[in-house]
Amino acid sequence: MSIAAMVASIKFNDRRSKREAFSHLGGNTDTKSQGIKIEPISEEALTKIRKKIKKQNRANTIKNIVIALVSVAITTWLFLI
C-alpha cells in the first residue's frame with residue numbers, strides 16, 4: 001500500500017512541475033506566469049470585508065456555544081434518567 005502511494009506521489013510531482021503556476025520554483029523568473037494574480041483593493045473594501053468576516057465568526061461562535069450547551073444538557077438529562 002505504501003509503495004503505491006509513493007509512486008502516485010512521484011507521478012503527481014512530475015505533473016506539477018509542468019504547470020505554469022509552479023514555474024518559479026524551478027528558477028524561472030518569468031513574471032507572466034506567477035500563478036494567482038493579485039489586484040489592488042481599496043482600504044474601504046478591506047474594512048467591509050473585515051467587518052463581514054468578524055460578524056460571521058461571531059455568529060459561528062455563538063452557534064457552536066449553543067450547540068455545545070444543548071449537547072451537554074441532553075447528555076446530563078440522559079444520565080439522570
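Listed by chain and residue number, nothing satisfies the side-chain contact (heavy atoms from CB on, under 4.5 Å) test with Ala59 (two or more places apart in sequence, or in another chain). In this structure, the side-chain contact (heavy atoms from CB on, under 4.5 Å) partners of Ile67, at least two apart in sequence or on a different chain, are Lys63, Ser71. Listed by chain and residue number, Thr76 satisfy the side-chain contact (heavy atoms from CB on, under 4.5 Å) test with Val72 (two or more places apart in sequence, or in another chain).
Residue Ile41 shares its hydrophobic cluster (ILVMFWY side chains chained together at separations under 4.5 Å) with Leu46, Ile49, Ile53. The hydrophobic cluster containing Leu69, built from Ile/Leu/Val/Met/Phe/Trp/Tyr side-chain heavy atoms closer than 4.5 Å, also comprises Ile65.
Note that the CD1 atom of Ile62 and the CG atom of Asn57 stand 11.0 Å from one another [nearest 0.5 Å].
With hydrophobic clusters built from ILVMFWY side chains whose heavy atoms lie under 4.5 angstrom apart, Val70 shares a cluster with Ile81.
Residue pairs meeting the salt bridge (charged side-chain N to carboxylate O under 4.0 Å, His left out) criterion with at least one partner in residues 45-56, sequence neighbours excluded, are Glu44-Lys48.
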